Structures are given as structure tokens and as C-alpha cells.
Amino acid sequence: MRSVILSCVLPATVAIAAPLGLVEKAFGAEPDKQFFHSVEGRWVGPGEIIAGKYKGTKFTCDFNGSTPASKLGMTLDGGCRVGVFTQKMSASVERKGRDGYRGTFMGGSTESGMDIVGGNVVDAQKVVFTINRKQLNGVMQARVPDGNSMTVTVAVRVNNQLVPVIGMSLKRIDSVEVGAIAKN
């Protein structure tokens, strides 16, 4: 009897709550939206390869952050420069229903990057995604401690331990015209 009542009452409750936006909050989407919204805009800053063959290589990145109109997720798209050479770099992720977050980092495993196969938004300031390419597993973490800075770390699993391999420290760039003179 209880299941019959629940099967009748629960859909009606969801139908009433959905237009009010209460369902999203009940399922924890609000911190996700806050985090993804905080990533929108232009981000620039230095990065470094922390481990591996190219350890110590420093680079500068320039990204545009955006969010899809009707889904939870984000895209950071741009590139990183080492000397005169620029490497296109991007990360894109969307919530795929009960499967969680899915996406790609640097084109995914079909190109030269990794697949985003899971993860979650820890709070309105931090997200951690699971990344994978064949036998290589790891995490990509982005943290936005305030409205104007973001740190991104990519770590891979080596002997059951996460080893950071790429680190970036980005600053938000405002769309203020440089060299404009104010009228007196």
C-alpha cells in the first residue's frame, strides 16, 4: 500500500516542485551551477609541467570559459604557449543524467588527450573529474577560490598514488579597454 501511495504522490510532488526550481536544489545541482557559472569568462596565466619527461617546462595559457545553455557543464577552450609555439588546449564536460559528468580533455582519447569519465562538484569553488586514457588514469581538479583566480591541476595515478603532472594558475581578465582615457 505504501508503494502505491508513493508512486502516486511522488510524481505529483515533482510536477509541482519542478516549475519552482525545487527539484534541482533537492538533487544538489545548485553548487554545480554556481561553480560552472564562476568559470565563465576569459582566463590567462602561467602553468608548468610538474613531472615526467618535460618536467620544468613553463608555459602561458589563455582560455575562454563558457557553459551550455540548457545543461550542467562547462568548456575551457584556448591554448597554451611555450616560447613561439602554441598548443591548442581544451576541456569540455557535461552532466549526462545518472552517468554523472562526461567529456574530454585535449580532444579525448581518440585524439591526443584523455576522456573525462566521471567526477563531481565538491562545492561552489571546487570540481574534481576522473580522467582516463587506456591504462592511464588520473584526476583533473579546478578550484576557483575567489571570482578572479582559478587553479587547475592534472594528476595521474602511478603505483596507486596520484602524481601531479600539470599545474596552472589562472587570473580572470576583465573586458576593460586598455589605454582608454576618462573624460574630466
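All figures in this text were calculated on a predicted structure; none of them were measured in a lab.
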Value rounded to 0.5 Å, distance of CE in Met89 from OG in Ser112 | 9.0 Å

Heavy atoms only: give me the nearest Val163-Ala51 pair and the separation to one decimal.
-> CG1-CB, 4.1 Å

Do the side chains of Phe105 and Ile49 join up, straight or via other hydrophobic residues, at under 4.5 Å, putting them in one cluster?
-> yes

Nearest heavy-atom neighbours spanning Gln34 and Ala124 | OE1-CB, 3.0 Å

Does the Arg143 side chain pair with the main chain of Ser149, one donor and one acceptor, at a distance under 3.5 Å?
-> no

Tightest non-hydrogen contact, residues Cys61 and Met168, listed as SG-SD, 3.7 Å

With Phe59, which residues qualify under ring pair (Phe, Tyr, Trp, His ring centres under 6.0 Å), at least two apart?
-> none

Using a 4.5 Å cut-off on heavy atoms from C-beta on, say whether the side chain of Thr67 contacts that of His37.
-> no

Check Val144 against Phe35 and note the closest heavy-atom contact, atom names and distance.
-> CG2-CE1, 3.8 Å

Mind checking the OG1-CD1 spacing from Thr57 to Ile50? Nearest 0.5 Å is all I need.
-> 11.5 Å

Quick one: are Lys126 and Gln141 in side-chain contact, heavy atoms under 4.5 Å?
-> yes

Give me the ring orientation class for Phe129 and Phe36: parallel if the planes are under 30° apart, tilted from 30 to 60°, perpendicular past 60°.
-> parallel

Beyond-backbone contact of Asn148 with Lys171, side-chain heavy atoms, under 4.5 angstrom | no

Between the CG atom in Asp146 and the CD atom in Gln125, the distance rounded to the nearest 0.5 Å is 8.5 Å

So do Leu76 and Met150 actually touch side chain to side chain, heavy atoms under 4.5 Å?
-> yes

Answer yes if Val39 and Leu72 sit in the same cluster of Ile, Leu, Val, Met, Phe, Trp and Tyr residues linked by side chain heavy atoms under 4.5 Å apart, and no otherwise.
-> yes

Nearest-0.5 Å distance that lies between atom CZ in Arg102 and atom NZ in Lys96 = 9.5 Å

Between Arg81 and Thr60, is there a donor-acceptor pair closer than 3.5 Å when you use the side chain of the first and the backbone of the second?
-> no

In the hydrophobic clustering (ILVMFWY, side-chain contacts below 4.5 Å, transitive), which residues join Leu162, or is it alone?
-> Val122, Val128, Val139

Shortest non-hydrogen contact from Gly113 toward Arg133 = O-NH1, 2.7 Å

Are Val117 and Leu136 co-members of a hydrophobic cluster defined by side-chain heavy atoms under 4.5 Å apart?
-> no

Test side-chain contact (heavy atoms from CB on, under 4.5 Å) applied to Ile116 and Met140, step by step = CA-CA 9 Å; Ile116 297 172; Met140 177 170 41; 3.6 Å; yes

Could you give me the CA-CA distance, side-chain angles and deciding distance for Tyr101 and Asp32, then say whether side-chain contact (heavy atoms from CB on, under 4.5 Å) is met?
-> CA-CA 11 Å; Tyr101 288 100; Asp32 296 35; 2.4 Å; yes

Is the side chain of Arg42 donor-acceptor paired with the backbone N or O of Asp62 at a distance under 3.5 Å, no angle test?
-> no

When rounded to the nearest 0.5 angstrom, what distance separates CG in Asp115 from NZ in Lys134?
-> 11.0 Å

Asp77 and Asn64 side chains, donor-acceptor separation under 3.5 Å = no

Roughly how far apart are Cys80 SG and Met106 CE, rounded to 0.5 Å?
-> 8.0 Å

Heavy-atom closest pair, residues Gly73 and Pro68 = O-CD, 3.4 Å

